[in-house]
2 protein chains.
Amino acid sequence: MSDVARRAGVSATTASYILNGRSAQMRIAPATQDRVLKAAADLRYRPNPSARSLRTSTTRTVGVISDLVAGGSFASQMLTGASAAARMLAHLIVIGESQGDPQLEALLVEEMLDRHVDGIIYATLATSEVSVPRPLRQQRVVLLNCVDRATQLPAVLPDEYEGGRTAVAELLAGEVPGEIHVVGEMSSEGGSLAGPLRLDGIRDALREAGRDLAGVLSCPWDVAPAFDVVDGFLRDGGRAAGLVCLNDRVALGTFQALAEHGLVVPDDVSVVSFDGSELAGWLRPRLTSVAIPYADLGARAVEMLLDTKEQGPSVVRVPMPVARGTSVLRAR
Amino acid sequence: MSDVARRAGVSATTASYILNGRSAQMRIAPATQDRVLKAAADLRYRPNPSARSLRTSTTRTVGVISDLVAGGSFASQMLTGASAAARMLAHLIVIGESQGDPQLEALLVEEMLDRHVDGIIYATLATSEVSVPRPLRQQRVVLLNCVDRATQLPAVLPDEYEGGRTAVAELLAGEVPGEIHVVGEMSSEGGSLAGPLRLDGIRDALREAGRDLAGVLSCPWDVAPAFDVVDGFLRDGGRAAGLVCLNDRVALGTFQALAEHGLVVPDDVSVVSFDGSELAGWLRPRLTSVAIPYADLGARAVEMLLDTKEQGPSVVRVPMPVARGTSVLRAR
DNA sequence: CTGTTAGCGCCTTCAT
DNA sequence: ATGAAGGCGCTAACAG
């Protein structure tokens with residue numbers, strides 16, 4: 001910077017002010033300003049972030065700490081959103097994966113704190129209730145896809161309840177004359193908060209439409225269990241016109257079971273689901289799925305974290321958009 | 001640090017040496033060393049990375065720049081591996097997604113270079129030939145999943161050729177009496193390098209077993225095109241005992257087409273595939289797939305990048321392990 | 001074997 | 001409206 005200052009014939013101070021866009025409040029002569037800017041451009045001046053950090057103890061960096069992230073588009077999309085938002089705010093993202101190991105997690109937190117990240121996003125794969133590591137509690141932090149009831153930290157999550165309502169709306173926009181069942185279990189075992197909220201939304205929306213939820217085919221949220229429970233249901237003579245699967249893997253298992261029984265989607269059974277994963281687009285017919293807005297979550301989290309207007313603890317619910325396929329029988 | 005030094009009754013220099021594990025080569029009195037270490041512990045001393053960086057222009061940070069990463073477990077797994085390897089070497093990962101936009105990419109490169117990352121991993125989703133941004137060429141960089149023929153930069157990629165051989169081995173370990181076809185196109189259009197290499201491996205392994213590749217059902221590597229080409233093949237009276245799908249999405253399309261024609265996997269047709277994605281485990285029957293070792297790739301890339309033994313440009317091929325399902329008919 | 005000294009590049013109070 | 005001076009925390013010659 002001193003080179004720039006010298007070349008412009010001013011002191012480093014003046015150069016600093018100008019280069020940091022504070023020429024206005026410092027009321028620096030426009031001519032001086034131009035000279036400095038020109039000199040900086042000529043010299044291809046680039047500020048040194050380390051020096052700046054040393055002085056300001058700010059790093060224009062945000063840390064993302066997540067549990068297991070492997071294999072799933074969760075991380076990718078979430079980081080895509082976070083990374084884009086960070087760019088807008090001239091920050092960079094540093095990542096740390098705890099692999100679900102609390103000790104590793106603690107190390108990562110320390111590491112990031114040592115490095116003076118400007119804030120930390122604490123993210124979990126599954127929407128869940130967590131206990132945030134002690135040292136994080138005093139920091140600038142926002143929870144992503146999870147909440148910590150004890151500490152009232154700001155958090156951003158999908159709007160699961162509205163998502164439930166959306167799923168029903170998709171179904172009812174079609175021709176679904178018979179019973180509607182949910183596939184997937186509600187138990188908040190494992191700590192997932194999504195199930196109960198989605199179910200509430202589903203129930204309420206159904207009720208408001210003058211219909212009722214016929215039942216819940218309870219199973220863990222995965223392909224094989226879903227296959228089994230739907231297969232069993234059909235084998236026992238069960239019948240449904242509409243199925244709300246609690247995620248796309250459950251929907252795949254459901255598709256497999258329906259096929260096994262010669263039932264055609266959507267002619268015999270309409271199916272909607274949650275997640276909006278790639279899988280939904282690969283199925284035949286393509287699955288209508290209420291998407292988890294991972295990228296948005298990531299972006300919102302970064303924005304909240306970096307928002308200087310310290311608006312106190314708050315929980316933001318991000319809308320879940322529909323990825324519409326053809327798994328719902330169209331109204332004639 | 002000066003607090004530590006004072007408390008231990010030594011100068012900052014001595015403290016620095018000791019705290020950086022250089023007491024041996026400096027031949028510092030063990031007693032002094034203990035005092036300093038103790039003082040540091042008492043004071044919960046943590047070095048300030050910004051200051052260190054300012055002085056050493058090293059940041060213990062590696063940048064990962066990738067094109068499109070969204071929606072796919074590519075990024076997650078690759079970053080998992082990279083992040084774990086980085087931890088071992090006391091580094092942190094900062095990420096940047098170019099979204100395939102060369103201008104954004106250039107910005108990210110500049111940003112990271114400004115921040116003095118210790119090296120950059122340039123990664124692409126699809127195995128491909130790339131042209132590395134100019135400013136990167138003089139830097140410490142390793143390519144991940146791609147090569148730049150012009151610059152001979154070090155790179156790490158899956159061992160596609162051996163992968164092809166592996167796929168055939170899986171098939172031939174089973175009972176596959178009839179013809180074997182490949183599904184997916186080879187054209188290195190789009191720049192993917194994987195297809196031709198896999199096909200070479202497949203051909204060679206088949207030949208060595210005294211068999212021949214019956215043909216290639218050429219289609220883009222995705223669900224719908226694969227469905228169409230296999231469906232067409234069968235409709236025309238085509239028949240195969242073994243199918244090698246060039247990725248898991250192609251395999252899904254193939255499964256769908258086979259089902260449409262009442263063919264059962266693996267009883268009527270054995271199928272193997274490439275990718276080892278989650279999808280492979282979700283299908284019924286579970287798909288045997290030659291996996292892309294994303295995590296390993298990420299880890300190796302970091303290690304190469306940070307390996308000080310400057311071993312010149314080199315291309316590393318990482319083995320592709322098998323994710324074994326039940327999509328190959330067992331030999332009786 | 002340990003201390004003195006200087007400086008990495010930047011920001012900011014205080015003068016002028 | 002601009003400049004002089006000091007210091008953020010750490011490392012590395014260079015003495016001794």
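- Panel note: side chain B:S16, backbone B:A12; no donor-acceptor pair is recorded below 3.5 Å.
- The interatomic distance linking A:R115 (CZ) with D:dG9 (C1') rounds to 16 Å, in whole Å.
- Looking at heavy-atom distances under 4.0 Å, A:T32 makes contact with sugar-phosphate atoms alone, never a base.
- No side-chain donor-acceptor contact under 3.5 Å links B:D118 to the backbone of B:T58.
- Distance, B:D34 CG to C:dC1 P: 15 Å, rounded to whole Å.
- Within the 4.0 Å cut-off from OP1 or OP2 of D:dG3, at least one side-chain nitrogen or oxygen of A:T14 is found.
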Using nucleotides 12-15 of chain D, report all nitrogen or oxygen pairs with the protein that are shorter than 3.5 Å.
from   : atom 1 : to    : atom 2 : distance (Å)
D:dA12 : OP2    : B:R22 : NH1    : 3.0
D:dA12 : N6     : B:T13 : OG1    : 2.9

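- Whole-Å rounding puts the A:H116 NE2 to D:dC8 C1' distance at 11 Å.
- A search for side-chain contact (heavy atoms from CB on, under 4.5 Å) contacts involving B:R6 returns B:S2, B:D3, not counting sequence neighbours.
- The side chain of A:L54 has D:dC8 as its nearest neighbour among C:dG3, D:dG3, D:dC8.
- At a non-hydrogen distance threshold of 4.0 Å, A:Y45, A:R46, A:P47, A:N48, A:A51 from residues 41-51 of chain A come into contact with DNA chain C.
- Within the 4.0 angstrom heavy-atom criterion, only backbone atoms of the sugar-phosphate kind lie near A:M1; the bases stay farther away.
- Taking side-chain N and O atoms only, A:R52 has a distance below 4.0 Å to OP1 or OP2 of C:dC11.
- For A:R300, the CZ atom sits in a loose shell: 12 or fewer heavy atoms of surrounding residues, nucleotides or ligands are nearer than 6.0 Å.
- For the pair B:D114 CG and C:dG9 C1', the computed distance is 13 Å after rounding to whole Å.
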request  = Begin from the C-alpha positions of A:R317 and A:E160 and carry the test salt bridge (charged side-chain N to carboxylate O under 4.0 Å, His left out) through to its verdict.
outcome  = CA-CA 8 Å; A:R317 292 272 173 188; A:E160 306 284 1; 5.6 Å; no
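- A salt bridge links B:E129 with B:R149: the distance from a Lys NZ or Arg NE/NH1/NH2 to an Asp or Glu carboxylate oxygen falls below 4.0 Å.
- A pairwise comparison of heavy atoms in A:S83 and A:I93 identifies CA-CG1, 3.9 Å as the closest pair.
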task = Before giving the answer on salt bridge (charged side-chain N to carboxylate O under 4.0 Å, His left out), spell out for A:K38 and A:D34 the whole-Å C-alpha distance, their side-chain angles and the decisive distance to 0.1 Å.
result = CA-CA 6 Å; A:K38 173 128 190 349; A:D34 292 348; over 6 Å; no
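- At whole-Å resolution of the value, CG in A:L19 and P in C:dT12 are 14 Å apart.
- The pair A:R7-A:D42 meets the salt-bridge criterion, with a side-chain N (NZ, NE, NH1 or NH2) lying under 4.0 Å from an Asp/Glu carboxylate O.
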